[in-house]
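Below is one structure, written out as structure tokens; the observations come after it.
The residues of the chain are indexed from 1 along the displayed sequence.
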Amino acid sequence: QLQLVESGGGLVQPGGSLRLSCLASGSTADYYAIGWFRQAPGKEHEWVSCISSSDGSTDYADSAKGRFTASRDNAKNTVYLQINSLKPEDTAVYYCAALKTNKMPCRVAAVQMKDFGSWGQGTQVTVSS
């Protein structure tokens, strides 16, 4: 069974950067993509990005384009989310999750919150001066 563990969150000043990690263990071949999501206080989960397990192609929500970059290191079974020029509105718990089917593009599944599993426990990102 696939397990995902996020890390790398913290308190950062506006304009700063963070790199979040999502470490996969267990059945690491059992997914089609890794999605990054976030949940701000009092708000629903918001999709941020996807990265394909096959070719490493990426996709981003409009709110994430330009400042967020997803990448992977297959040797380390780790997916990363680099966030630059952090803003207070980026404050949230960030989660990674595995897309279990390829019935639809990752971004479609992510927006619908369908077919994702193996959610990690999340890592808190707080942007404040």
Side-chain angles (χ1 to χ4, degrees):
Q1 188 173 356
L2 178 68
Q3 293 182 318
L4 301 175
V5 178
E6 304 94 336
S7 62
L11 174 63
V12 63
Q13 292 187 341
S17 298
L18 280 175
R19 189 178 76 162
L20 308 183
S21 300
C22 174
L23 173 64
S25 62
S27 302
T28 57
D30 192 24
Y31 62 95
Y32 293 90
I34 293 293
W36 282 99
F37 299 82
R38 65 184 182 182
Q39 187 172 27
K43 295 188 177 181
E44 296 184 350
H45 277 83
E46 175 190 11
W47 170 61
V48 175
S49 76
C50 284
I51 183 165
S52 169
S53 62
S54 60
D55 61 6
S57 58
T58 56
D59 199 1
Y60 301 92
D62 288 344
S63 60
K65 289 179 181 177
R67 296 190 298 119
F68 290 65
T69 304
S71 62
R72 65 180 187 176
D73 185 334
N74 289 339
K76 296 182 178 180
N77 287 329
T78 301
V79 169
Y80 302 99
L81 184 68
Q82 177 73 36
I83 314 174
N84 297 326
S85 302
L86 277 156
K87 305 175 182 180
E89 51 263 43
D90 294 320
T91 295
V93 178
Y94 284 72
Y95 300 89
C96 59
L99 180 62
K100 300 291 191 176
T101 76
N102 62 351
K103 293 185 294 186
M104 63 185 76
C106 183
R107 67 157 35 228
V108 175
V111 169
Q112 299 181 19
M113 294 294 287
K114 285 185 176 180
D115 297 334
F116 278 88
S118 302
W119 290 81
Q121 83 290 347
T123 186
Q124 175 72 48
V125 172
T126 302
V127 185
S128 175
S129 55

*May I have the step-by-step check of salt bridge (Lys or Arg N to Asp or Glu O under 4.0 Å) for Asp115 and Lys100, ending in yes or no?*
CA-CA 6 Å; Asp115 297 334; Lys100 300 291 191 176; over 6 Å; no

_Could you walk me through whether Asp73 and Thr78 satisfy the side chain to side chain donor-acceptor pair (under 3.5 Å) test, starting with their C-alpha distance in whole Å, then the side-chain angles of each, then the deciding distance to 0.1 Å, before giving a yes or no?_
CA-CA 5 Å; Asp73 185 334; Thr78 301; over 6 Å; no

*Flag the pair Tyr31 / Leu99 as yes when at least one side-chain heavy-atom distance between them is below 4.5 Å, and no otherwise.*
no

_Parallel, tilted or perpendicular, judged at 30° and 60°: which one describes the rings of Phe37 and Trp119?_
tilted

*Beyond-backbone contact of Asp90 with Arg67, side-chain heavy atoms, under 4.5 angstrom*: yes

*Identify the two heavy atoms, one from Pro14 and one from Ser129, that lie closest to each other, and give their separation to 0.1 Å.*
CD-N, 3.7 Å

_Against the six-membered ring of Tyr94, is Arg38 placed for a cation-pi contact (under 6.0 Å from the centre, within 45° of the normal)?_
no

*Please walk me through it: do Trp36 and Phe68 pass ring pair (Phe, Tyr, Trp, His ring centres under 6.0 Å)?*
CA-CA 10 Å; Trp36 282 99; Phe68 290 65; 9.8 Å; no

_Side-chain touch Gln121/Val93, heavy atoms, less than 4.5 angstrom_ = no

_Go through it in stages, so that I can follow the logic: the residues are Gln82 and Ser17, the test is side chain to side chain contact (heavy atoms under 4.5 Å, CB included), and I'd like the CA-CA distance, side-chain angles, deciding distance and then a yes or no._
CA-CA 7 Å; Gln82 177 73 36; Ser17 298; 3.8 Å; yes

*With side chains defined as the heavy atoms from C-beta onward, is the minimum distance between Ser63 and Glu46 less than 4.5 Å?*
yes

*Would you mind reporting whether Gln3 and Ser118 have side-chain heavy atoms less than 4.5 Å apart?*
no

*Would you check if Thr69 and Tyr60 make a side-chain contact, meaning some heavy-atom pair closer than 4.5 Å?*
yes

*Taking side chain as C-beta onward, heavy atoms only, is Thr91 less than 4.5 Å from Val125?*
no

_side chain to side chain contact (heavy atoms under 4.5 Å, CB included) assessment of Leu18 paired with Leu86_ = CA-CA 8 Å; Leu18 280 175; Leu86 277 156; 4.0 Å; yes

*Check whether the side chains of Ser128 and Thr126 place a donor and an acceptor atom closer than 3.5 Å, and report yes or no.*
no

*Measure from the side-chain N and O atoms of Arg72 to the backbone N and O of Ser53, and report whether any donor-acceptor pair falls under 3.5 Å.*
yes

*Below 4.5 Å, heavy atoms only, C-beta onward: do Val127 and Lys87 meet side chain to side chain?*
no

*When clusters are formed by joining ILVMFWY residues with side-chain heavy atoms under 4.5 Å apart, either directly or through shared neighbours, do Leu20 and Ile51 land in the same one?*
yes

